[in-house]
Amino acid sequence: MTLSFEDGASISFKNKDELVEFIKTSSGMGDSSYSVDTFYLIICAGMVFLMQAGFALVEVGSVRMKNTKNILIKNMLDACIGALSFWLIGYAFAFGDNNRFIGAEGFALKTLDTRTDGSSDKLYQGKDYAFFLFQWAFAATAATIVSGAVAERCRVTAYFVYSFMLTVFVYPVVVHWGWSGTGWASAFAPVHDRLFGVGVIDFAGSTVVHMVGGLTALVGATFLGPRRGKYVGGKVQSMVFQSATFQTIGTLILWFGWYGFNCGSTLTVAGTAADVAGKVAVTTTIAATSSGVTATILGFIFEGHISIARANNGILAGLVSITAGCSVMDVELAFVTGIIGGVIYFSSAQLLVYIRVDDVVEASPVHFFCGVWGTMAAGLFAKPENVAMSYGTGSCGLLYKCNGNGGKQFGANMVFIIAVTAWVGVFAVLIFGILSLLKLLRVSEETEKMGLDLKEHGGAAYEMNKRHSVWDSFSKTRSRSKTPKQVEEGVVIQNGETIGETAVE
């Protein structure tokens, strides 16, 4: 075969394959797989980062107007603080290959600019930077989970102390354990170093991301105590929230971003990874929908009405539940995982009410309790063929038989759950405990009554004009129907029954 050029020159090839290889090399097509993977990671990172908007809408919709700016500034600076701390220190702790407990190289991404192995004539590898971006988006997600749980009474400075500590140290260590090439629990470590010879299956982070954020949310909400008016006369009051519309749009944005979260965790579309990503998208969808329906039904049975809040959080519970095992389960078991996730979410939400923990957006039922279940489910339902395709190992869940590795896999996942719970729990107690002892954790009663927007953020979020705000309209309208004592206590009386604080006061 001969390839001729306009200047009369020609090149002969022995066969078609040799010609194709020449064209790829001369046109740069040989790097196409690498380039596609880089672009894929950037797009998925953007989808995961968009989840910050989803969290913001869910949280704003769940609080009263007087605390809107507080929620927004926490979500914005979560991303900023998370990016800087993860860039400077956190990424090195997470993916440095020094030892099995914590990484210690690559601070400020310096190793990404150094190519000393002779493997490339490039100054740097763009895919490495895309990988950092993807991992930063995950770190920001773990930090933002806490924001809604501690809403309406946490000092903003205390929140940023926690956010920094989580993204710079607590979260990166967990990442190193479960996802690095040398972590003690990682399935990507050398075979002889893997936990029980198999390593943990936590594909996109039911434990690594969601348990970390959810457990911290639970500890933070416990140390803060409930909002004013949440428990009156020993009875639980239904707190007025701002917008079910915001909550629902936020949930849909989170659901969309989750496809970047789970599918993107293949980190490539080369070889069978594209096939894995396709199946991951479906298992993610089925778990989310089955959990959303389950939570809605449970709400109707036990609460007497069809609740949009139960549907929204049920969907998120299913997404968290499938995140660990999305690449290793068959679709019918993703369906089962979602149903059980919906039950766990609803039950744990009731448990928090019973023990008087005020988690405003139910972050800990969704992320911590369902994160635990999701990692357990991966250890139970991982099909050997799916594990081989996504991990390249011969392991499987307890439901299957694969040379005795099923029990090892479930055991590895359980050990990882326990270790992460201990690690995060201890540091969360230390962080929030010290802040509480120093009286830096909770705002004053006066600030809580007036709202954090006025006291800490320069004014109300909703201004109609310079002299009149939406806040004023609500305040005057709602106050006319209440006695001075009721205004002071900030409760709403409807048909002689106390139903909670006003949306404004």
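Not measured: the values here are computed from a predicted model.
Other residues, nucleotides and ligands contribute only 12 or fewer heavy atoms inside 6.0 Å of the CZ atom of Phe49.
Here the shortest heavy-atom pairing between Ala273 and Thr268 reads CB-O, 3.2 Å. Residues Ala382 and Tyr400 approach most closely at O-CD1, 3.2 Å, considering heavy atoms. Shortest non-hydrogen contact noted between Met329 and Lys279 is O-CE, 3.7 Å. Smallest separation of non-hydrogen atoms from Val366 and Asn313: CG2-O, 3.9 Å. Arg310 and Ala295 make their closest contact through O-CB, 3.5 Å (heavy atoms, listed as atom of the first residue, atom of the second, distance). Across all non-hydrogen atoms, the minimal contact from Gly148 to Val360 is O-CB, 3.1 Å.
Side-chain contact between Leu133 and Leu41 is absent, with no heavy-atom pair separated by less than 4.5 Å. Using a 4.5 Å cut-off on side-chain heavy atoms (C-beta onward), Ile417 and Met211 make contact. Using a 4.5 Å heavy-atom cutoff, the side chains of Lys235 and Gln237 are in contact. With contacts defined as side-chain heavy-atom distances shorter than 4.5 Å, the pair Tyr159/Val150 qualifies. Residues Ser327 and Thr266 are not in side-chain contact: their nearest non-hydrogen atoms beyond the backbone lie 4.5 Å or more apart. Contact annotation: the side chain of Thr284 approaches that of Val280 to within less than 4.5 Å [non-hydrogen atoms, C-beta and beyond]. With contacts defined as side-chain heavy-atom distances shorter than 4.5 Å, the pair Leu195/Lys408 does not qualify. Considering only heavy atoms from C-beta on, Leu333 comes within 4.5 Å of Leu399 through its side chain.
Put simply, the residue from Trp258, Tyr259, Trp255 that forms a side-chain hydrogen bond (donor to acceptor under 3.5 Å, both in side chains) with Thr285 is Tyr259. Under the ring pair (Phe, Tyr, Trp, His ring centres under 6.0 Å) rule, Phe188 has a single partner from Tyr391, Trp179, Phe203, which is Tyr391.
Looking only at distances, a side-chain donor or acceptor of Thr289 sits under 3.5 Å from a matching main-chain atom of Ile286. Side-chain atoms of Asp453 come within 3.5 Å of backbone atoms of Lys69 as a donor-acceptor pair (strictly under, hydrogens ignored). Looking only at distances, no side-chain donor or acceptor of Ser265 sits under 3.5 Å from a matching main-chain atom of Ala204. Remark: the backbone N or O of Ala151 is paired with a side-chain donor or acceptor of Arg153 at under 3.5 angstrom. Checked by atom type and distance alone, the side chain of Tyr345 never pairs as donor or acceptor with a backbone atom of Phe369 at under 3.5 Å. Under the 3.5 Å distance criterion, the side-chain polar atoms of Thr272 are left unmatched by any main-chain donor or acceptor of Asp275. For the pair Arg194 (side chain) and Ala187 (backbone), a donor-acceptor distance under 3.5 Å is present.
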Take Met51 and Ile253 through the test side chain to side chain contact (heavy atoms under 4.5 Å, CB included) and record every step on the way to the result. CA-CA 6 Å; Met51 293 172 73; Ile253 292 173; 5.9 Å; no
The test is side chain to side chain contact (heavy atoms under 4.5 Å, CB included); show your working for Thr421 and Phe368 and say whether it passes. CA-CA 9 Å; Thr421 300; Phe368 175 62; 4.2 Å; yes
Kindly indicate, with the supporting measurements, whether the criterion side chain to side chain contact (heavy atoms under 4.5 Å, CB included) is fulfilled by Asn312 and Leu316. CA-CA 7 Å; Asn312 288 339; Leu316 298 180; 5.8 Å; no
Candidate pair Gln52 and Thr144, rule side-chain hydrogen bond (donor to acceptor under 3.5 Å, both in side chains), full reasoning: CA-CA 7 Å; Gln52 296 292 319; Thr144 303; 2.8 Å; yes
Give the C-alpha distance, both sets of side-chain angles, the deciding distance and a yes or no for side-chain hydrogen bond (donor to acceptor under 3.5 Å, both in side chains) between Ser180 and Ser186. CA-CA 6 Å; Ser180 74; Ser186 177; 5.3 Å; no
Run the numbers on Thr251 and Thr248 for side-chain hydrogen bond (donor to acceptor under 3.5 Å, both in side chains), then give the verdict. CA-CA 5 Å; Thr251 299; Thr248 304; 5.9 Å; no
Give the C-alpha distance, both sets of side-chain angles, the deciding distance and a yes or no for side chain to side chain contact (heavy atoms under 4.5 Å, CB included) between Val209 and Val174. CA-CA 9 Å; Val209 178; Val174 176; over 6 Å; no
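Residues passing the side chain to side chain contact (heavy atoms under 4.5 Å, CB included) test with Thr294, sequence neighbours excluded: Leu298, Ile339, Val343. Trp373 pairs by the ring-ring contact (aromatic ring centres under 6.0 Å, His included) definition with nothing, not counting sequence neighbours. Residues meeting the ring-ring contact (aromatic ring centres under 6.0 Å, His included) test with Trp177, sequence neighbours left out: Phe101, Trp184, Trp423. Remark: Ala324 pairs with Asp202, Ser206, Thr375, Ala378 by the side chain to side chain contact (heavy atoms under 4.5 Å, CB included) rule, at least two apart or across chains.
Salt-bridge check for Lys455 with Glu448: failed, with every basic side-chain N at 4.0 Å or more from each acidic carboxylate O. Of the charged side-chain nitrogens involved, none lies within less than 4.0 Å of a carboxylate oxygen, so that Arg155 and Glu456 do not count as a salt-bridged pair. We find that Lys230 and Glu152 are not joined by a salt bridge, their nearest charged nitrogen and carboxylate oxygen being 4.0 Å or further apart.
The CD1 atom of Ile315 lies 7.0 Å from the CG atom of Leu252; values are rounded to the nearest 0.5 Å. Atoms CD1 and OG, on Ile340 and Ser347 in that order, are 11.5 Å from each other to the nearest 0.5 Å. Between the NZ atom of Lys449 and the OG atom of Ser444 there is a distance of 10.0 Å, given to the nearest 0.5 Å. One finds the CD atom of Glu59 at 11.5 Å from the OG1 atom of Thr68 (value rounded to the nearest 0.5 Å). The CZ atom of Arg64 sits 10.0 Å away from the CG atom of Leu452 when rounded to the nearest 0.5 Å. Remark: Phe86 CZ to Leu166 CG distance equals 10.5 Å, nearest 0.5 Å.
The SG atoms of Cys263 and Cys44 do not sit under 2.5 Å apart.
Taking the six-membered ring wherever Trp is involved, the centroid distance between the rings of His210 and Phe261 falls below 6.0 Å. Here the two rings, on Phe138 and Tyr171, have centers that are 6.0 Å apart or farther. Taking the six-membered ring for Trp and the full ring otherwise, Phe427 and Phe169 have centroids separated by under 6.0 Å.
Judged purely by distance below 3.5 Å, without hydrogens or angles, the side chains of Asp330 and Asn386 pair a donor atom with an acceptor atom.
Classified by interplanar angle (parallel below 30°, tilted 30° to 60°, perpendicular above 60°), the ring pair His367/Phe55 is tilted.
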Side chains of residues 429-436: which donor-acceptor pairs under 3.5 Å do they make with residues two or more places apart or in other chains?
none

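Listed by first then second residue, pairs satisfying side chain to side chain donor-acceptor pair (under 3.5 Å) with a partner in residues 214-225 number zero, not counting sequence neighbours.
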